[in-house]
There are 2 protein chains.
Amino acid sequence: MKLIEILNKLRSSGLRPTKQRVEIAKFLFDREKTIHFTVESLNKLLLKKTSTKFALATIYNTVHAFKAAGHLNEIEVRGKKTYFDTNVSNHHHFYDNDTSELIDINAKDVVIQKLPKAPNGKKIKNIEVFINLKN
Amino acid sequence: MKLIEILNKLRSSGLRPTKQRVEIAKFLFDREKTIHFTVESLNKLLLKKTSTKFALATIYNTVHAFKAAGHLNEIEVRGKKTYFDTNVSNHHHFYDNDTSELIDINAKDVVIQKLPKAPNGKKIKNIEVFINLKN
DNA sequence: TTCCTAGTTTATAATAATTCTAAAGTGAAA
DNA sequence: TTTCACTTTAGAATTATTATAAACTAGGAA
Ligand SMILES: [Mn+2]
Ligand SMILES: [Mn+2]
Ligand SMILES: [Zn+2]
Ligand SMILES: [Zn+2]
């Protein structure tokens with residue numbers, strides 16, 4: 001992904017391209033495979049990859065802005081921390097409880113044959129399939 | 001559900017039948033329909049229904065013991081609080097984001113036709129289908 | 001360029017959910 | 001009844017997250 005596209009992610013999220021934000025955006029979006037991360041794990045990874053310092057609040061703010069702009073998804077996993085996902089397409093997850101790791105499942109690899117109808121007055125917004133793994 | 005069965009829930013969870021625990025167990029298990037709750041909501045409901053006082057730590061401890069014994073399931077929902085579920089059978093959920101309410105879906109009402117195979121060396125423990133609702 | 005200022009970063013405080021602790025209370029076996 | 005391991009409880013500690021407010025900076029205007 002080119003730098004101009006990275007900067008577009010920031011612009012479309014209403015964020016000025018500061019040093020910290022460009023580093024975060026490059027780290028998240030300039031890669032082949034999508035990545036699942038927590039704010040804490042992202043902070044550690046940024047520490048390794050760059051020489052920039054990041055306040056946790058900056059990471060929280062930036063990540064939330066990306067989420068609001070649709071560039072990140074938030075995923076709830078059994079546990080205390082929130083996971084984010086650079087894969088914003090409709091897809092599902094394996095969850096490996098041993099490693100606390102999320103693994104993408106292509107939406108096409110899960111076919112649902114029968115679904116209940118939504119309760120009165122409600123509609124289905126989206127369906128999340130979560131496959132817990134064991135050894 | 002008879003009192004003897006309530007007491008069995010406690011016994012099988014390794015809990016002595018104290019005043020607080022019996023009240024909690026009666027409230028959770030002596031009902032027609034299953035219930036989804038958080039520790040905080042349970043505390044409020046107990047305050048209304050009984051004249052007993054409960055320290056939050058007592059509710060946490062008791063609920064966790066029931067969970068460990070398989071009498072309750074823990075459900076992760078997008079949000080900060082953990083939900084518990086007296087329905088410990090294999091089933092799925094609607095989640096109404098507006099009311100923060102979980103609604104049971106019978107396992108038979110969701111039929112999955114195609115599933116990905118588990119990653120190398122891993123097996124599928126269970127599948128959770130989560131249907132988010134909108135108005 | 002230099003100035004100016006709205007936007008940004010950051011350290012730290014505040015909040016919220018949960019867990020821990022240790023002192024006081026209690027069920028039930030002997 | 002006595003005894004003691006188990007419980008309850010208030011409050012402290014912990015963890016993830018959000019809020020605050022002072023110091024900093026990007027970038028347009030002068
Ligand atoms: Mn939680
Ligand atoms: Mn959370
Ligand atoms: Zn994903
Ligand atoms: Zn349920």
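Just so it is clear, the values below take in all heavy atoms, side chains as well, and ignore hydrogens, waters and symmetry mates. What you see is a predicted model; the values in this text were computed from it and never measured. Within every chain, numbering begins at 1; the chains are lettered A, B, ... in the order of the sequence lines, protein sequences first and strands thereafter.
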Self-check item: Gap between atoms CG and P, on A:N43 and C:dA11 respectively (whole Å)
Solution: 11 Å
Exercise. Calculate the interatomic distance between A:L15 atom CG and C:dT9 atom P; express it in whole Å.
Key: 8 Å
Quiz item: When all nucleic acid strands are considered with a 4.0 Å heavy-atom cut-off, which category describes B:K19: base, sugar-phosphate, or nothing?
Solution: nothing
Self-check item: Separation of D:dT8 P from B:Y60 OH (nearest whole Å)
Solution: 16 Å
Self-check item: Length of the CZ-P vector between B:R11 and D:dC6, whole Å
Solution: 17 Å
Quiz item: Just checking A:T58: base, sugar-phosphate only, or nothing, at a heavy-atom cut-off of under 4.0 Å?
Solution: base
Quiz item: Is the phosphate of C:dA16, meaning OP1 or OP2, less than 4.0 Å from a side-chain N or O of B:K80?
Solution: no
Practice problem: Specify the residue among A:L56 and B:L56 whose closest nucleotide of DNA chain C lies further upstream toward the 5′ end. | Solution: A:L56
Quiz prompt | Chi angles and distances behind the ring-ring contact (aromatic ring centres under 6.0 Å, His included) call for A:F84, A:F66 | solution = CA-CA 10 Å; A:F84 292 89; A:F66 284 147; over 10 Å; no
Quiz item: Is there a side-chain polar atom (N or O) of A:Q20 under 4.0 Å from OP1 or OP2 of D:dT25?
Solution: no
Quiz item: Between B:R21 and D:dC6, does any side-chain N or O lie under 4.0 Å from OP1 or OP2?
Solution: no
Practice problem: Answer yes or no: is there a donor N or O on one side and an acceptor on the other, between the side chain of A:N61 and the main chain of A:A57, under 3.5 Å? | Solution: yes
Exercise. Can you label the angle between the A:H64 ring and the A:Y60 ring as parallel, tilted or perpendicular, going by 30° and 60°?
Key: tilted
Practice problem: From the options C:dT10, D:dT8, C:dA28, select the nucleotide whose nearest atom is closest to the side chain of B:T18. | Solution: D:dT8
Self-check item: Euclidean distance, atom NE2 of residue B:H64 to atom P of C:dT18 [Å, nearest integer]
Solution: 8 Å
Quiz item: How close or far is atom P of C:dA6 from atom CZ of A:R16, stated in whole angstroms?
Solution: 10 Å
Quiz item: Between B:H93 and B:H36, what is the ring plane arrangement, given parallel below 30°, perpendicular above 60°, and tilted in between?
Solution: perpendicular
Practice problem: Could you state the atom-to-atom distance from NZ of A:K53 to P of C:dA11 in whole Å? | Solution: 8 Å
Self-check item: For atom CD of A:E23 and atom C1' of C:dT8, their distance in whole Å
Solution: 16 Å
Quiz item: When you measure from the side chain of A:T34 to the backbone N and O of A:T86, does any donor-acceptor pair fall under 3.5 Å?
Solution: no
